[in-house]
Amino acid sequence: MNVSNASKYLEDHGINATYQRAIIYSYLYKKKNHPTADIIFNDLKKKVPTLSKATVYNTMEYFHKNNIVQVLTFEDGVRHYDADTKTHIHFNCKQCGMIYDFHTNIDFNNINGIDGFDIDKRFINFEGICKNCKMEKTK
Ligand SMILES: [Zn+2]
Ligand SMILES: [Zn+2]
């Protein structure tokens, strides 16, 4: 998604699409690596010198409040962001800290909970050692 598409996407979701917001959303959508606000800031500051860390933090929380990104937290306690808001499984590598998307045919909307409970959000997290770290170990 390029910056002008991102801008349109934000407007379609009722968000005032400033240039910086559109750049941040476009970045997050393309990266798909579940970055933290710090990582987003460090990657974008060269491209957008006027960007501040506070803007990135506030923008991400604003996107989250408007349900166009989901927030993931793992053992590192830091907020990671994902532009894919559909329920999907995340795998967090204990060694390198990378977060991978796992795809499945499970229909998460069809999992029955307890009567009388309303489910707003569903998080399914796996933890372990990723393939790359495993290969490093056996070298
Ligand atoms: Zn790893
Ligand atoms: Zn994801």
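Ligands are counted one by one from 1 in listed order, and the atoms in each one are counted from 1 as well.
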### Task
Give, rounded to 10 degrees, the angle between NE2 (His88) and NE2 (His34) as seen from the Zn ion (ligand 2).
170°
### Query
Between Asp38 and Lys53, is there a side-chain N and carboxylate O pair less than 4.0 Å apart?
yes
### Name, closest N/O/S atom of Asp101 to the Zn ion (ligand 2)
OD1
### Message
If I take every N, O or S atom of Asp84, is at least one of them less than 2.8 Å from the Zn ion (ligand 2)?
### Response
no
### Query
Can you tell me the angle formed at the Zn ion (ligand 2) by OD2 of Asp82 and NE2 of His90, to 10°?
90°
### Query
For Tyr29, is the NZ or CZ atom of Lys31 found under 6.0 angstrom from the centre of its six-membered ring and inside 45 degrees of the ring axis?
no
### Query
Once rounded to 10°, what is the value of the angle centred on the Zn ion (ligand 1) between Cys133 SG and Cys130 SG?
110°
### Whether over 12 other heavy atoms sit under 6.0 Å from Lys8 NZ
no
### Summary
Rounded to 10°, the SG/Cys93 to the Zn ion (ligand 1) to SG/Cys96 angle comes out at 100°
### Task
Output, in order, the C-alpha distance, side-chain angles, deciding distance and verdict of salt bridge (charged side-chain N to carboxylate O under 4.0 Å, His left out) for Arg79 and Glu61.
CA-CA 10 Å; Arg79 291 162 86 76; Glu61 288 308 308; 2.9 Å; yes
### Query
In terms of hydrophobic clustering (I, L, V, M, F, W, Y; side-chain heavy atoms under 4.5 Å; direct or indirect links), are Ile106 and Phe102 co-clustered?
yes
